[in-house]
Amino acid sequence: MVAGFVADNLLFERVDLWQTQAVFAAYASICFVSIPLLQWIESRVSRGYSRPRLSFLLPLATQFALGGFWSGFVIFYGRSATLGASWPFLHVLFLIFLGSEYFHRAHARLVFTSVLFFFAVYSYLIFAVPIYTGTIGTLTFVGSGILAVLLFALFTVLLRVLAPDRFLVDVLKIRIGASIVFVLMNVFYFTNILPPLPLSAEAAGMYYSVWRVPGAYLGTTDAQPWQVRYLGFAPTLHVAPGASVYAYSSVFAPTTLSTVIVHRWERYDSAKKQWVLRSIITYPIVGGRDGGYRGYSAVPVSESGQWRVSIETSDGRRIARLPFTVVQTATPPIRTAITLP
């Protein structure tokens, strides 16, 4: 399990590379063939036929393919997710990843493997369809679900043809399990829990100023404690009254994809005990750059306290969040210019 996870980290550099898509397609093909073929063999054995000598490889092939799916999903969904919003989905992925290894004997069971296969195909198509269509949003997500259902229906037809006696016994359980997966994925999406793959934040941060020079972006910052620099704690910005602060983000998108990025600025109102929207700034991005499409927004800050900038898709799915604290000061600290990633 660990070796496969490390290997996938090394092999899966970008979600839109043809090598990545070929690996996921291979995983799907293995499951599509090995699960029905194993049931066909078990059906024949129950009728008195001898078991083929190499049939023990089929559950292993299924386990390998599903394990490859899970490790790949943990990598790519993990890169795209923000823990505060997507932890339920990531938790489900991690439990399935461990369970598919721990309960390896269950890979011979039709209901178990069929439902996991549907979950794998659905999770893959969620980020594969935007890559091929060049679109992202609710309609694209719905299209991914329809395609997943159609492919799974074809899979069940193959099961019924090869092993009708075993399939008809478990068909109701398979349909119930697949329906639960379908409903769960839609709940995750429409509650903004599902990570916004194939988009991911390659870099993001708060600065006193940001500007573009030929071939690069520069920003000014001051000395921050080690907890901020190395552990990602919220920074404290010392600004003059009415001065602007800048939110910078570099968002990766596949080569074929063009979309809109939203910077949602909010301040925490301690009296109301809630976050209050202060500004929404949008800008278009195009995909293809390894380090992500770079952009920034600026908002005048006239109040001290807790602030945050949520970097989102146009349909409200969070890509990253930048919390920070503002302290008003008449004498700002010494600032240095750095090159932004």
Side-chain angles (χ1 to χ4, degrees), residues 1-8 11-12 19-76 92-125 128 147-182 185:
M1 180 182 68
V2 174
F5 186 78
V6 172
D8 280 354
L11 293 174
F12 291 158
Q19 297 95 325
T20 301
Q21 300 304 311
V23 170
F24 278 120
Y27 291 155
S29 300
I30 291 172
C31 291
F32 198 91
V33 172
S34 63
I35 297 173
L37 187 58
L38 177 63
Q39 300 307 314
W40 175 73
I41 291 174
E42 295 294 340
S43 179
R44 285 172 55 87
V45 170
S46 66
R47 296 197 303 268
Y49 290 88
S50 60
R51 185 184 300 275
R53 183 176 301 176
L54 298 179
S55 62
F56 73 94
L57 293 176
L58 292 175
L60 297 178
T62 303
Q63 181 186 4
F64 166 77
L66 290 176
F69 266 126
W70 308 142
S71 62
F73 292 157
V74 169
I75 292 168
F76 285 124
V92 169
L93 273 184
F94 189 68
L95 289 178
I96 292 177
F97 179 53
L98 294 180
S100 65
E101 293 289 337
Y102 186 76
F103 300 108
H104 59 277
R105 293 183 181 179
H107 283 276
R109 300 174 187 169
L110 180 57
V111 176
F112 182 82
T113 51
S114 297
V115 174
L116 284 187
F117 177 55
F118 178 66
F119 183 85
V121 169
Y122 200 172
S123 300
Y124 166 64
L125 290 176
L147 183 56
V149 170
L150 293 176
L151 290 176
F152 190 68
L154 183 61
F155 169 78
T156 57
V157 169
L158 183 60
L159 278 173
R160 182 162 187 166
V161 170
L162 293 180
D165 51 339
R166 300 176 67 85
F167 173 73
L168 292 176
V169 171
D170 292 326
V171 60
L172 181 60
K173 295 179 181 179
I174 293 174
R175 289 174 178 173
I176 292 175
S179 298
I180 292 174
V181 169
F182 185 84
M185 295 296 279

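Excluded from the calculations below are hydrogen atoms, water molecules and symmetry mates; all remaining heavy atoms, backbone and side chain alike, are included.
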Practice task
May I have all residue pairs that pass side chain to side chain donor-acceptor pair (under 3.5 Å) and include part of residues 167-176, sequence neighbours excluded?
Solution key: none

Practice task
Taking side chain to side chain donor-acceptor pair (under 3.5 Å) as the test, write out the residues that go with Thr156, two or more places apart.
Solution key: none

Practice task
Output the distance between atom CZ (Phe117) and atom CD1 (Ile30), rounded to the nearest 0.5 Å.
Solution key: 11.0 Å

Problem - Separation between CG of Asp165 and CZ of Arg44, rounded to the nearest 0.5 Å - result: 12.0 Å

Exercise for the section: Assess whether atom CZ of Arg160 is packed by more than 12 heavy atoms of other residues, nucleotides or ligands within 6.0 Å. Expected result: no

Practice task
Would you mind reporting whether Leu38 and Thr113 have side-chain heavy atoms less than 4.5 Å apart?
Solution key: no

Practice task
With rounding to the nearest 0.5 Å, note down the distance linking CD in Gln63 to SG in Cys31.
Solution key: 11.0 Å

Practice task
Flag the pair Leu110 / Leu159 as yes when at least one side-chain heavy-atom distance between them is below 4.5 Å, and no otherwise.
Solution key: yes

Handout entry: Exercise: identify the closest heavy-atom pair between Ala163 and Gln39
Key = CB-O, 3.6 Å

Fill in the blank from the handout: In this structure, CZ of Arg109 is separated from OG of Ser114 (nearest 0.5 Å) by 13.0 Å

Exercise for the section: Please tell me if the side chains of Phe32 and Leu151 come closer than 4.5 Å, counting only heavy atoms from C-beta onward. Expected result: no

Problem - From CD (Glu42) to CG (Leu162), nearest 0.5 Å - result: 13.5 Å

Practice task
State, with a plain yes or no, whether a side-chain heavy atom of Ile41 is found less than 4.5 Å away from one of Val45.
Solution key: yes

Practice task
Drop me the distance from Leu116's CG to Ile35's CD1, to the nearest 0.5 angstrom.
Solution key: 8.5 Å

Handout entry: Ser71 side chain vs Gly68 backbone, donor-acceptor pair below 3.5 Å
Key = yes

Exercise for the section: Flag the pair Phe76 / Thr20 as yes when at least one side-chain heavy-atom distance between them is below 4.5 Å, and no otherwise. Expected result: yes

Practice task
Check each of Phe69, Phe182, Trp70 against Phe119 using the ring pair (Phe, Tyr, Trp, His ring centres under 6.0 Å) test, and report the only one that passes.
Solution key: Trp70

Problem - Nearest non-hydrogen partners of Val171 and Leu168, listed with the distance - result: CG1-O, 3.4 Å

Exercise for the section: Check whether any side-chain heavy atom of Val121 lies under 4.5 Å from a side-chain heavy atom of Phe152, and answer yes or no. Expected result: no

Completion exercise
Sequence neighbours excluded, the answer for side chain to side chain donor-acceptor pair (under 3.5 Å) partners of Ser29 is none

Handout entry: Ring center gap for Phe24 and Phe73 short of 6.0 angstrom
Key = yes

Practice task
Heavy atoms only: give me the nearest Phe118-Ala148 pair and the separation to one decimal.
Solution key: CE1-O, 3.8 Å

